[in-house]
Every structure is written in structure tokens, then in C-alpha cells.
Number of protein chains: 2
Amino acid sequence: MAKRLLPKPTDSELEILQILWENGSCTVKKVNEILNEKKETGYTTTLKMLQIMYEKNLVERNEDERSHIYSASVSQSDMQKILLDKLLETAFSGSAASLVMQALGNSIPSKDELKKIKELLNKIEREQK
Amino acid sequence: MAKRLLPKPTDSELEILQILWENGSCTVKKVNEILNEKKETGYTTTLKMLQIMYEKNLVERNEDERSHIYSASVSQSDMQKILLDKLLETAFSGSAASLVMQALGNSIPSKDELKKIKELLNKIEREQK
DNA sequence: TCTATTATACGAAAGGTTTCGTAGAAGAAG
DNA sequence: CTTCTTCTACGAAACCTTTCGTATAATAGA
């Protein structure tokens with residue numbers, strides 16, 4: 001349960017983590033297939049990436065079968081938090097509010113999303129009192 | 001006005017951009033001094049970084065004087081937008097709402113900030129109709 | 001003018017990332 | 001058992017980032 005020492009993933013690593021989050025545990029073959037929907041990538045390239053990510057503790061693997069099965073060792077939301085905190089610090093001088101404003105400004109949130117956000121804001125306000 | 005082809009800055013480059021955004025145009029010497037408040041960095045290291053960033057179009061420079069004067073070639077908010085969009089895509093599967101929720105959840109926005117955010121939400125809602 | 005100081009330019013080392021070729025183990029098919 | 005296929009492991013090339021040493025040009029002061 002203890003948070004291991006996790007290096008910040010590179011862009012390519014994040015791409016693979018994304019696949020694992022969306023698809024759950026995967027063999028190298030499957031990761032490679034999904035990866036190839038977006039960009040051509042050799043099988044051994046994907047394999048090597050996963051091996052490196054394994055050494056960095058970014059993924060775990062089950063070696064029971066001949067085809068190892070990889071899974072992300074961090075949840076998507078934990079990683080989101082890590083990356084968001086970093087971006088906050090490096091690009092937004094720590095101002096979460098201005099990050100939120102930017103994000104809201106750039107995208108066009110749906111009615112539903114707006115509602116959820118408002119609810120969260122209300123909850124935060126209530127708890128502040 | 002046309003958006004130039006800008007590579008995503010590395011962490012070190014972003015650190016320097018941050019200095020330029022906060023302090024306006026600077027000589028290498030000044031950037032290096034400010035940098036050294038946070039971490040020891042050789043003068044020529046800073047110089048080289050700025051030269052590379054110049055080649056990448058991340059900064060502009062005025063060569064009129066012997067000491068060149070560097071400035072960021074992108075505004076902080078433009079860069080924030082670029083980085084936020086990238087994070088959104090790579091780590092949040094494009095869901096701005098969930099990014100906003102995470103950001104709000106992690107930080108504890110001040111009353112003032114909450115107010116501003118709510119105003120923005122209301123404005124978005126109004127415009128949606 | 002000669003010397004010390006302050007700049008820029010450049011090259012290259014050290015380390016990390018990404019890619020892929022090749023070797024060889026494990027398993028399936030004949 | 002032999003051969004074909006499917007894996008993993010490993011090494012190394014190509015490329016990028018970061019750091020700094022050295023060379024050299026411009027300027028200021030004695």
C-alpha cells in the first residue's frame with residue numbers, strides 16, 4: 001500500500017499506461033495491437049518499453065504463463081493527481097484556480113459536466129464553513 | 001500572430017520560461033542568478049539552454065547590445081493552454097470535467113477563487129443557451 | 001596599449017529515451 | 001523428434017537533454 005518511488009512517466013510510457021487503464025491487464029501482444037491503432041510500432045519496441053516500465057515500477061506483471069501479463073501499478077486517478085500537481089507547480093505557479101479556469105475556458109463542458117462541477121463546488125463551500 | 005511550430009518544452013526549459021514570464025526580458029546573467037536561487041547552475045549551462053530554446057523558437061532575443069536580452073516567445077497563458085490540452089489528452093482521456101474535478105479536489109481553493117470559478121461557470125451556462 | 005573582465009559560441013561528454021535486430025527458450029503442429 | 005511459431009531477453013544504435021570546459025570576441029580600466 002505504501003507509495004513506491006515512482007518516476008514521472010515519459011509521454012510514450014503514459015501512452016502505454018493509458019492502454020492498460022482502459023483495457024485492464026494485457027499481454028505485450030495486446031498492448032502492441034492497441035498501440036498500432038494509433039501509430040505503427042514494432043512488437044519488440046513495445047516489449048522493451050514494458051520491460052523498462054517494469055523495472056521502473058510503473059507496471060506490474062504476472063509471469064505465470066509464458067506470455068507475461070502486464071498491468072498498471074498506479075491507478076489512473078493517482079497518476080492524474082501526480083501529473084496535475086506537477087503541471088500546477090511548473091506552469092501555473094501553484095494556482096489551482098487559474099488552472100481550473102483555463103481548463104473550463106478551453107473546453108466546452110456539457111450540461112451534465114457543469115452540473116457535477118457545480119455540485120462539487122457547493123460541497124467544497126459547505127465544508128469550508 | 002500565426003502560431004509558430006512550438007515543441008513542447010522540457011521541464012528545464014519550462015523552468016526558464018517561468019523566470020522570463022515572471023521577470024520579463026532578462027539577460028543570461030539575470031536568468032542564471034534567478035535560477036541559482038533554486039538550484040546551482042553554471043553560467044554556460046544557462047546560456048546554452050537559452051541558445052537551444054532560441055533555436056526551438058521558445059524564446060526570442062534582442063542582440064542589439066553585447067549582452068543579449070531574452071524573452072519568452074509564448075505567453076504564459078498560451079503555454080498553459082498547450083500543456084493543459086496535452087495533459088487532458090494523455091492522462092484524462094480528454095475529459096476536461098474530470099480534470100477540473102481532480103484539480104478542485106486536490107487543492108483547497110480560497111473563497112475568492114471559488115467565487116471566480118462559479119462566476120465563470122455561470123457565464124458558460126448562460127452562453128450555452 | 002595591455003590586461004582583466006564579461007560575453008557568446010561551440011563541442012563534446014554523460015545520461016536518458018526510443019527503436020529495433022538478433023538470439024534463444026518454450027510450446028504447438030506435423 | 002523436428003520444424004514452425006510465438007514469446008522473452010538483451011544489446012546497441014540513434015536521438016534528445018543537460019551539463020560544462022574551452023576558445024574567442026568585445027569592453028573597460030590601469
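Values in this document were obtained by computation on a predicted structure and should not be read as measured data. Proteins get letters first, then strands, A, B, ... in listed order; numbering begins at 1 in each. Below, all heavy atoms of this structure are taken into account, side chains as well, without hydrogens, waters or symmetry copies.
I52(A) has its CD1 atom 13 Å from the P atom of dC20(C), to the nearest Å. One atom, CE of M49(A), and another, P of dG16(C), lie 15 Å apart when rounded to the nearest Å. L47(A) has its CG atom 14 Å from the P atom of dG11(D), to the nearest Å. Across the protein-nucleic acid pair, L50(B) atom CG and dT19(D) atom P stand 13 Å apart, rounded to whole Å. For the pair D64(B) CG and dA26(D) P, the computed distance is 16 Å after rounding to whole Å. Rounded to an integer number of Å, the gap from CD of E13(A) to C1' of dT17(C) is 8 Å. Protein atom NZ of K30(B) is 18 Å distant from nucleotide atom C1' of dT6(C), rounded to whole Å. A straight line from CE of M53(A) to P of dT8(D) spans 15 Å, rounded to a whole angstrom.
Checking the phosphate oxygens (OP1, OP2) of dC20(D), a side-chain nitrogen or oxygen of T45(B) falls inside 4.0 Å. The side chain of R61(A) contributes an N or O atom lying less than 4.0 Å from OP1 or OP2 of dA9(D). Between Y43(B) and dT6(C), a side-chain N or O to OP1/OP2 separation shorter than 4.0 Å is absent. Between T10(B) and dT18(D) there is a side-chain polar atom (N or O) within less than 4.0 angstrom of OP1 or OP2. A close approach under 4.0 Å does not occur between any side-chain nitrogen or oxygen of Q51(B) and OP1 or OP2 of dT8(C). For the OP1/OP2 pair of dT17(C) and a distance below 4.0 Å, the side-chain nitrogens and oxygens of S12(A) include no atom meeting the criterion.
Between the side chain of R66(A) and the base of dT8(D) there is no donor-acceptor pair of N/O atoms closer than 3.5 Å.
Looking at E22(A) and Q76(A), their side chains never bring a donor and an acceptor atom within 3.5 Å of each other.
Here the CD atom belonging to Q80(B) is positioned 5.0 Å from the OG atom belonging to S98(A), to the nearest 0.5 angstrom. Expressed to the nearest 0.5 Å, how far CG of L50(B) lies from CD of E13(B) amounts to 10.0 Å. We find the OG1-CZ distance between T27(A) and R66(A) to be 12.0 Å, quoted to the nearest 0.5 Å.
Between T41(A) and K8(A), the residue anchored nearer the 5' end of DNA chain C, judged by the nucleotide with its closest heavy atom, is K8(A). When the nearest nucleotides of DNA chain C are assigned to G42(A) and H68(B) by heavy-atom distance, the more 5′-ward of the two goes with H68(B).
Here T44(B) lies in heavy-atom contact (under 4.0 Å) with a base. At the heavy-atom level, K48(B) lies under 4.0 Å from base atoms of the strands shown.
Shown are Q51(A), K30(A), M53(A), E60(A); of these, the side chain to side chain contact (heavy atoms under 4.5 Å, CB included) with Y70(A) is made only by Q51(A).
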